[in-house]
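The model shown is predicted, which means the values in this text are computed figures rather than measured ones.
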Amino acid sequence: MSKQTKEEKALLQQQKANVYRDRKRRLFYVDSKNDKYYRLSPQDEGFLYLYDSKILLAMLPITISVLVNFNLLFVFAISFILYIGVEIYYLYKRKDLNEASVLPETVMEQMMSEQVLKARRTDLFLKFSMVILIIMLMVSEVIENKIALNAFNTTTAGIYLILAFTLYIAVDLWRSYYRNQKLIKQIKE
């Protein structure tokens, strides 16, 4: 395994978030869910990294709550608001971006490079593993405290909502992981 320089690592981190540079150093963003391409100005780049890390931001309060023992309904509300807030901020900022009709060939090459796809696969798998770990922590919380799930109170409501929320995120991450895995297989063939 070769050692990567700081610049190569930063470039790979940028590409994992679907932000690419062409030969003229122009920035492009590829919205893989909507199959749209955007030309970015340098100041627009930051919110895309925030959007890429929205799952980590949303899962942070849940993880902390298991360690510190907060009210789970309150924690769910914070996590859900963070997740939806970042999503709304992304949609708000995306409407101001310049849509590109064609991607430069260098961007297409970078986007479909095996190194970038494998790095994105690893990133998606780590996020998926974190979500599964949180689901396991919530289930262990139920077992450890012998919470009567048929009795409805704020703790059980918080657990139900957190489990539903993390399952939704896990399914979304799994679909992205599977789509990325298909691209890697196509490249290898």
Side-chain angles (χ1 to χ4, degrees), residues 9-10 12-19 29-36 45-95 115-185:
K9 286 181 181 180
L12 190 60
Q13 187 69 28
Q14 186 181 50
Q15 292 169 340
K16 284 192 304 188
N18 287 330
V19 177
Y29 171 66
V30 178
D31 186 359
S32 57
K33 290 185 179 181
N34 298 324
D35 292 328
K36 292 187 179 184
E45 190 177 1
F47 84 92
L48 294 171
Y49 301 131
L50 176 69
Y51 178 70
D52 187 50
S53 64
K54 73 178 177 181
I55 293 170
L56 300 174
L57 287 172
M59 294 296 116
L60 185 64
I62 296 171
T63 306
I64 292 171
S65 75
V66 172
L67 301 173
V68 182
N69 206 9
F70 285 129
N71 181 340
L72 294 178
L73 188 60
F74 178 69
V75 169
F76 165 74
I78 291 172
S79 293
F80 189 72
I81 289 170
L82 278 171
Y83 186 82
I84 295 298
V86 170
E87 186 73 33
I88 290 170
Y89 182 66
Y90 166 75
L91 293 173
Y92 172 75
K93 291 289 280 185
R94 189 183 71 183
K95 72 178 179 147
Q115 180 186 15
V116 171
L117 290 172
K118 284 184 176 182
R120 188 173 298 125
R121 176 183 64 186
T122 303
D123 190 46
L124 288 169
F125 183 74
L126 288 173
K127 288 177 184 175
F128 179 76
S129 299
M130 184 189 71
V131 170
I132 294 300
L133 180 64
I134 289 173
I135 290 172
M136 290 170 43
L137 285 171
M138 285 293 109
V139 170
S140 71
E141 184 79 16
V142 169
I143 294 170
E144 180 182 324
N145 295 328
K146 296 182 178 133
I147 295 172
L149 292 179
N150 57 359
F152 197 74
N153 57 29
T154 59
T155 303
T156 57
I159 288 173
Y160 284 142
L161 290 172
I162 287 172
L163 284 174
F165 181 56
T166 53
L167 284 172
Y168 166 77
I169 290 175
V171 168
D172 188 43
L173 284 171
W174 186 253
R175 283 191 322 207
S176 298
Y177 180 84
Y178 181 71
R179 194 177 322 125
N180 192 62
Q181 191 64 22
K182 280 177 36 179
L183 288 173
I184 292 173
K185 284 183 181 179

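- For residues 66-78, the set of pairs meeting the salt bridge (Lys or Arg N to Asp or Glu O under 4.0 Å) definition, not counting sequence neighbours, is empty.
- The side chain to side chain contact (heavy atoms under 4.5 Å, CB included) search around K16 returns Q13, A119, D123, not counting sequence neighbours.
- Once rounded to the nearest 0.5 Å, the distance linking CG of L183 with NZ of K185 reads 11.5 Å.
- In this structure, Y49 places its OH atom where more than 12 heavy-atom neighbours from other residues, nucleotides or ligands lie under 6.0 Å away.
- When the salt bridge (charged side-chain N to carboxylate O under 4.0 Å, His left out) test is applied to R179, no partner is found at least two apart in sequence or on another chain.
- Residue-environment remark: CZ (F125) stays at or below the threshold of 12 foreign heavy atoms within 6.0 Å.
- With sequence neighbours excluded, the residues that form a side chain to side chain contact (heavy atoms under 4.5 Å, CB included) with L126 are T122.
- The nearest pair of heavy atoms linking A17 to Y29 is O-CE1, 3.7 Å.
- Every residue two or more places apart in sequence or in another chain that forms a salt bridge (charged side-chain N to carboxylate O under 4.0 Å, His left out) with D31 is listed here: R94.
- The distance from atom CG of L57 to atom CD1 of I78, rounded to the nearest 0.5 Å, is 13.0 Å.
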Show the atom names and distances, to 0.1 Å, of all donor-acceptor pairs under 3.5 Å that link a side chain in residues 58-66 to residues at least two apart or in another chain.
residue : atom : partner : partner atom : Å
T63     : OG1  : M59     : O            : 2.9
S65     : OG   : I62     : O            : 2.7

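- Within 6.0 Å of the OH atom in Y83, the count of heavy atoms belonging to other residues, nucleotides or ligands exceeds 12.
- The heavy-atom pair separating V75 from F70 by the smallest distance is CG2-CB, 3.6 Å.
- Nearest heavy-atom pair, Y51 versus V86, reported as atom, atom and distance to 0.1 Å: CA-CG1, 3.8 Å.
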Using the rule given for side chain to side chain contact (heavy atoms under 4.5 Å, CB included), can you reason through Q181 versus I184, listing the C-alpha separation, both sets of side-chain angles and the distance that settles it, and then say yes or no? CA-CA 5 Å; Q181 191 64 22; I184 292 173; 4.2 Å; yes
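- The structure places CG of L48 at 10.5 Å from OG of S53, a figure rounded to the nearest 0.5 Å.
- Residues T166 and I134 approach most closely at CG2-CG2, 3.9 Å, considering heavy atoms.
- By the 30° and 60° cut-offs, the orientation of the rings of F47 relative to Y89 is perpendicular.
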Please step through side chain to side chain contact (heavy atoms under 4.5 Å, CB included) for the pair F76 and F165, ending with a clear verdict. CA-CA 8 Å; F76 165 74; F165 181 56; 3.8 Å; yes
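- Taken from CG in L133 to CE in M138, the straight-line distance is 10.0 Å, to the nearest 0.5 Å.
- For the residue pair Q15/Q115, the side-chain donor-acceptor check at 3.5 Å is not satisfied.
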What verdict does the side chain to side chain contact (heavy atoms under 4.5 Å, CB included) test give for L124 and R120, after you've listed the backbone C-alpha separation in whole Å, the side-chain angles of each residue and the deciding distance to 0.1 Å? CA-CA 6 Å; L124 288 169; R120 188 173 298 125; 4.2 Å; yes
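- Within the 4.5 Å cutoff, the side chain of K127 has no heavy atoms near those of the I169 side chain.
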